[in-house]
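Counting convention: from 1, in listed order, for ligands and their atoms alike.
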Amino acid sequence: MTVKDDLPLDIGPLRERLVRDGRLVDWEHHETIDSTNRRAAVVGREGLAGPVLVTAEHQSAGRGRQGRVWESPAHRNFYGSFVLCPKVAQAELAPITLVAALAVSDAIAGIGLADAAIKWPNDVLLGGRKVAGILTELDSAANGEFCVVVGIGVNLNLQEEDFPPELRSKAGSLAWHGGRSVDRSDFVESLTQAFLDRVHAFEQRGFAGLRADYEQRHVLQGEVVRVDGGAGYTGRVLGVDDAGALLLATAQGQQAVHAGEVTLAGSYETLGGAVSKN
Ligand code: BTN
């Protein structure tokens, strides 16, 4: 991957923008770190109930789902983790990762790019290519409360030639899709506001209040898919339920799928869900 010499974030003015309405308790930014998820968990354990945002220009050990590596070249993308102790019962927390996907698609719209789609549970796509991934990890705070780390990686200013040829049909970036570079400070602000808004709505109304928005952006809605892992169902996607599970109409009746890798059954083509390397 070629890495151009792009500029780091302008910290001072961005801090003002992020904390001015008082909803974000703190923002911690690193030039380089192993993983913002690991650091955010430490912040949570130290007792800051959050929400706190930890971001980095570069990660040396970025974590993807299922133990994959999240490639994290410097100064081009967004790597950030929110740590928070949400006001919902722990048993009702599972859809937070879908809530985060909604927030990422809002943030993309917020900087002027329409049509971001979501692939269950939490991949965000532009033009059918994965541009963002989310890794959610549960932790407990010093005061005994549970808190959650929601780690988000978004490909912002990578260009087509930055992706290895074998990934170019599956992975993309906002700049490549939109034909213009993205102001990373604008994106961090847009994402932070969208995330805090969506989490607030989730705390107030549960995922039931966000389902319609999610399904409207869900790229698999109505498609016949196969789920690898778990019970391994094939069926038509009906939507998602209030717990964030994928609802399928299968030959065995309606099934709620809580985990697994989903692919279109017809072509058996992944929609970028297996992609965690840029
Ligand atoms: C996926 O595999 O789709 C999830 C990728 C999540 C990557 C982000 S980048 C910021 C945060 N820190 C990490 O180590 N991982 C997440």
Min N/O separation Tyr79 to ligand 1 under 3.5 Å: no

Per-atom contacts of ligand 1 with Gly80, taking only distances under 4.0 Å to non-hydrogen atoms: 10 (C)

Per-atom contacts of ligand 1 with Thr36, taking only distances under 4.0 Å to non-hydrogen atoms: 10 (C), 11 (C), 12 (N)

Centroid separation Phe163 to Trp176 less than 6.0 Å: yes

Sub-4.0 Å heavy-atom approach of Arg68 to ligand 1: no

Salt-bridge contact Asp242-Arg205 (side-chain N to carboxylate O under 4.0 Å): no

Identified side chain to side chain contact (heavy atoms under 4.5 Å, CB included) partner of Ile96 from the options Phe202, Phe82, Phe207: Phe202

Atoms of ligand 1, numbered as shown, that sit under 4.0 Å from any heavy atom of Gly62: 14 (O)

Location of contacts on Lys130 toward ligand 1, heavy atoms closer than 4.0 Å: side chain

Salt bridge present between Arg184 and Glu57 (N-O < 4.0 angstrom): yes

Neighbour count above 12 (heavy atom, 6.0 Å) for Glu166 CD: yes

Distance filter under 4.0 Å to Ile134 heavy atoms, resulting ligand 1 atoms: 3 (O), 4 (C)

Electrostatic pair Arg129-Asp123, nearest N-O below 4.0 angstrom: no

Proximal ligand 1 atoms for Arg65, defined as those under 4.0 Å from one of its heavy atoms: 1 (C), 2 (O), 3 (O), 4 (C)

Within reach of ligand 1, part of Ile152 (heavy-atom separation under 4.0 Å): backbone

Pair Glu189 + Arg20, salt bridge at N-O below 4.0 Å: yes

Under-4.0 Å heavy-atom contact with ligand 1, by part of Gln59 that carries it: side chain

Evaluation steps, salt bridge (Lys or Arg N to Asp or Glu O under 4.0 Å), between Asp10 and Arg17: CA-CA 11 Å; Asp10 198 356; Arg17 291 160 71 181; over 6 Å; no

Winner among Glu71, Arg38, Arg63 once heavy atoms are compared against atom 6 (C) of ligand 1: Arg63

